[in-house]
Amino acid sequence: MENDMMHSIAPSYRQLFIDNVDKFAISNPEAYQAMSALANITNLPLWQTLLVNAVVDITSFCTSVVGVMTDGTVIHGRNLDFDFPTVLQPLVYRAYISRKGVIVGEGACIAGYIGFYTAIRYGAFSVSYNVRMYPHTNTSEITANILREWEPGVVPAAQAIERALLDNNTFHDASVYLQEQPLNTPCYLILAGVAGVKGANEGVVITRDPYGVNTTHSLDVENGVWYVAHGNLDWWLTNDTRYQSTVTYLQALGRDQLNMETLVTDVLNKTGVVQLMTIFTASMSASKQALEVYLTPLPQ
């Protein structure tokens, strides 16, 4: 996997990791130790495993949706889109989250990457991560994201999500933490809770800047907002055809037909939303303690 991806990563980024690999031991010892172990197993250089672990923040593309069923159940779906789907699909696995010896949640992960991009904490919340792309993202911005990893107190989003899953047992607490924790890169963090009626409205898309919140979009069922959705662009500033397709399918489906299955079949797996590089689609509900993962059929 790592060698396949190296061909798609600019030489300047490779050199940046080669020159600064030891900084991870201080700034992010968890990543340093995990990627050191992977390097030993695969006989790859440490800088390469660290770089590939960071590439999600540069090249992945995703769609996330939170919706409220008519009975008030909050559900959460996502497509995880990434380069090299034929390489990565066999590496998808289910990870269980243990807290003090008790299984408190689970996530859909890809071997070789640390942290979580798709996961639930049972009875509390679910979370997904989408890359935040700018219309004219350039190499200086990507380099700045990488350099931020070595700042004290800054963590990659996947590790922030892991900490939220381990340390927070309510939607509110997870939302506060994920809005305040400094991150190395802009992104979208999509959270769903367990209550979608009577003013609770536990669903939000958090548009993150590295050091704080840019904006949020939340459920407001009482005023007709029974879903929130997001792709990889600030759709209120830039036309995002994937986001528009997602919204069109949600409206056509309607709240009365929304459930964990139709969110997949009638929205996330429809043309214009699912992509050639979609690795898997997930449908989850914290209140149901359910995470269903569907590998996307790949072109022959």
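The first residue of the sequence shown is numbered 1, and numbering continues consecutively from there. Only a predicted model underlies this, so the values are computations on that prediction, with no experimental measurement involved.
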Any side-chain donor paired with an acceptor under 3.5 Å for [X] and [Y]?
X	Y	result
N269	T281	yes
T70	D256	no
N201	E222	yes
Y188	D234	yes
S285	H76	no
T278	D81	yes

May I ask you to decide if [Y]'s main-chain N or O and [X]'s side chain share a donor-acceptor pair within less than 3.5 Å?
X	Y	value
R78	V65	no
N259	T262	yes
R255	L250	no
N53	I114	yes
T238	W235	no
R242	C62	yes

Legend entry - Minimum heavy-atom distance between L50 and V21, given as atom pair plus value: CD1-CG2, 3.4 Å
Non-neighbouring partners of [X] that pass side chain to side chain donor-acceptor pair (under 3.5 Å), sequence neighbours left out:
X	value
S283	none
D240	none
N168	none
Q275	none

Inset, instruction - Any ring pair (Phe, Tyr, Trp, His ring centres under 6.0 Å) involving residues 144-185? Give me the pairs, sequence neighbours left out, ordered by first then second residue. - result: F24-W150
Inset, instruction - Sequence neighbours left out, what pairs pass salt bridge (charged side-chain N to carboxylate O under 4.0 Å, His left out) with at least one residue falling in residues 15-42? - result: none
Apply side chain to side chain contact (heavy atoms under 4.5 Å, CB included) to [X] and list each qualifying residue two or more places apart in sequence or on a separate chain.
X	answer
A286	V194
T215	T207, H217, W236
T248	none
V228	V66, V205, L219

Legend entry - Joint hydrophobic cluster, F116 plus V102, side-chain heavy atoms closer than 4.5 Å: yes
Inset, instruction - Enumerate the residue pairs fulfilling side chain to side chain donor-acceptor pair (under 3.5 Å) with a member in residues 88-110, sequence neighbours excluded, ordered by first and then second residue. - result: R94-E106, R99-D167, E106-Y122
Legend entry - Pair listing, side chain to side chain donor-acceptor pair (under 3.5 Å) test, anchored in residues 290-299, at least two apart: none
Legend entry - side chain to side chain donor-acceptor pair (under 3.5 Å) assessment of Y211 paired with E151: CA-CA 11 Å; Y211 302 109; E151 294 181 12; 2.7 Å; yes
Inset, instruction - Supply the atom-to-atom distance S128 OG to I161 CD1, rounded to the nearest 0.5 angstrom. - result: 7.5 Å
Inset, instruction - Would you check, one step at a time, whether the test side chain to side chain donor-acceptor pair (under 3.5 Å) holds for N28 with Q159? - result: CA-CA 10 Å; N28 194 341; Q159 289 177 254; 2.7 Å; yes
Inset, instruction - Before giving the answer on side chain to side chain donor-acceptor pair (under 3.5 Å), spell out for T63 and N79 the whole-Å C-alpha distance, their side-chain angles and the decisive distance to 0.1 Å. - result: CA-CA 5 Å; T63 303; N79 286 345; 4.8 Å; no
